[in-house]
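Below: the structure, in structure tokens.
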Amino acid sequence: MNEEKRSRKILDRLREEYPDAHGSSLDYDGPIQLLVATILSAQSTDEKVNEITSKLFKRYSSAKDFAEADRDELESLIYSSGYYRNKAKWIQETCERIVKDHNSKVPREIDDLVKLEGVGRKTANIVLSDSFGTNQGIPIDTHVKRLTKRLGFSEAENRNKMEQKLMDLIPRDRWYEYATLLVSHGKRFCKARKPKCDECVINDLCPTAFSHG
DNA sequence: CTCCCGATAT
DNA sequence: ATATCAGGAG
């Protein structure tokens with residue numbers, strides 16, 4: 001079976017398994033908040049991020065709020081997500097730039113988004129897909145990277161090359177679906193440490209099933 | 001490549 | 001004790 005057919009069968013089967021997997025599981029109201037929440041989600045869990053943003057967005061909610069926030073207070077509010085100094089700096093510099101150069105609105109083009117401090121292609125693609133409903137790329141996070149490698153669709157190298165490979169393999173209208181379904185599956189079964197291949201609904205389509213020790 | 005960094009699972 | 005969590009910058 002060729003890669004296109006195998007990838008299609010995998011997506012179809014995962015869609016049955018996760019019919020409710022739409023977009024991110026982050027809590028937010030509007031593009032700015034999604035952008036902030038996604039910056040916070042680096043090397044953290046979305047559960048932890050939601051816990052933080054439930055308080056954070058009551059204190060600061062607009063780009064202007066974050067741009068003018070007290071750095072120490074912002075750091076203390078996001079402390080438990082890790083990388084709190086970098087993240088506070090990124091959130092503020094990004095929001096300052098959005099207020100000054102983008103009329104306080106989150107840019108809708110990926111080339112503009114990735115110029116913002118702390119915003120890479122993964123974060124940009126999530127905001128574009130989840131908040132604006134466009135698909136200019138595929139967000140490659142730790143789950144998508146791990147599952148893509150295990151499924152044999154790309155040799156991990158770096159995330160940009162993997163994204164390009166997947167953009168060639170997957171039909172454009174399923175790019176974001178690919179990412180969200182692999183994240184869902186990665187969290188529940190195809191875990192980094194002890195993948196549950198015996199319970200996996202696509203183990204017959206996976207070249208590395210039952211070989212993870 | 002290294003560094004940033006706390007919380008949680010194993 | 002160590003690996004991992006919807007990464008990005010230098």
Side-chain angles (χ1 to χ4, degrees), chain A residues 14 18 20-28 31 33-56 71-72 74-98 106-107 110-132 135-151 154 156-163 166 170 175-196 212-213:
Chain A
L14 289 180
Y18 309 102
D20 298 324
H22 296 306
S24 79
S25 48
L26 297 171
D27 300 330
Y28 65 95
Q33 291 188 6
L34 176 58
L35 183 57
V36 171
T38 308
I39 288 173
L40 291 175
S41 71
Q43 294 294 297
S44 186
T45 61
D46 45 354
E47 287 78 12
K48 174 58 68 178
V49 173
N50 287 336
E51 187 182 309
I52 289 172
T53 55
S54 69
K55 296 177 183 174
L56 180 68
R71 179 68 62 90
D72 290 333
L74 182 56
E75 285 186 359
S76 69
L77 282 168
I78 67 172
Y79 179 82
S80 61
S81 73
Y83 301 152
Y84 62 93
R85 279 188 283 261
N86 274 341
K87 289 175 180 176
K89 181 170 180 285
W90 292 341
I91 288 168
Q92 285 211 290
E93 291 182 356
T94 281
C95 287
E96 284 169 9
R97 181 95 71 91
I98 287 174
V106 176
I110 193 165
D111 291 340
D112 294 323
L113 277 167
V114 297
K115 288 175 185 167
L116 301 170
E117 279 300 305
V119 180
R121 290 191 62 89
K122 177 261 178 179
T123 299
N125 279 323
I126 286 178
V127 171
L128 288 170
S129 297
D130 214 4
S131 207
F132 295 141
N135 52 346
Q136 302 176 34
I138 302 173
I140 311 293
D141 64 27
T142 183
H143 295 297
V144 174
K145 182 177 176 181
R146 183 179 67 254
L147 270 66
T148 296
K149 192 176 179 182
R150 286 179 177 170
L151 288 167
S154 173
E157 317 123 16
N158 66 64
R159 285 183 292 158
N160 283 348
K161 289 182 181 176
M162 175 175 284
E163 185 183 356
L166 291 173
I170 308 296
W175 283 357
Y176 196 50
E177 181 185 16
Y178 179 89
T180 57
L181 289 176
L182 263 61
V183 169
S184 296
H185 197 56
K187 285 179 177 175
R188 292 197 41 194
F189 297 103
C190 196
K191 298 181 178 182
R193 285 225 185 170
K194 221 174 57 178
K196 302 176 179 178
H212 300 287

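Every chain is numbered from 1, with letters handed out A, B, ... down the list of sequences.
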Say you pick atom P in dC4(B) and the same atom in dA1(C); how far apart are they, in whole Å? 22 Å
Integer angstrom distance from the P of dC3(B) to that of dA6(C): 24 Å
Under 3.5 Å donor-acceptor, [X] side chain and [Y] backbone:
| X | Y | answer |
| --- | --- | --- |
| Asp130(A) | Ile126(A) | no |
| Trp175(A) | Ile170(A) | yes |
| Lys145(A) | Ile140(A) | no |
| Asn160(A) | Arg121(A) | no |

Can you tell me how far apart OG1 (Thr123(A)) and CD1 (Ile39(A)) are? Round to the nearest 0.5 Å. 6.5 Å
Report the residues that fulfil salt bridge (Lys or Arg N to Asp or Glu O under 4.0 Å) with [X], sequence neighbours left out, ordered by chain and then residue number.
| X | result |
| --- | --- |
| Glu51(A) | Lys48(A) |
| Glu96(A) | none |
| Asp46(A) | Lys187(A) |

Testing the basics here: between Gly137(A) and Glu163(A), what is the closest heavy-atom pair and its distance to 0.1 Å? CA-OE2, 3.3 Å
What contact category does [X] fall into here, base, sugar-phosphate, or nothing, at under 4.0 angstrom with non-hydrogen atoms?
| X | answer |
| --- | --- |
| Asn86(A) | base |
| Val144(A) | nothing |
| Ile52(A) | nothing |

Indicate the ring-plane relationship of Tyr18(A) and His185(A), choosing parallel, tilted or perpendicular according to the 30° and 60° boundaries. perpendicular
First-last contacting nucleotides on DNA chain C - partner chain A, under 4.0 angstrom, heavy atom: dT2(C) to dA9(C)
Which of these passes side chain to side chain contact (heavy atoms under 4.5 Å, CB included) with Leu40(A): Leu35(A), Asn50(A), Ile91(A)? Ile91(A)
At a heavy-atom distance below 4.0 Å, what parts of residues 35-42 of chain A sit against DNA chain C? Ser41(A), Ala42(A)
Contact list (N/O, under 3.5 angstrom) for nucleotides 6-9 of chain B vs protein:
none

On DNA chain C, check which nucleotide each of Ser25(A) and Val114(A) is closest to and give me the residue with the more 5' one. Ser25(A)
Given DNA chain C, 5'-ward residue of the pair Val183(A) and Leu116(A), judged by closest heavy atom: Val183(A)
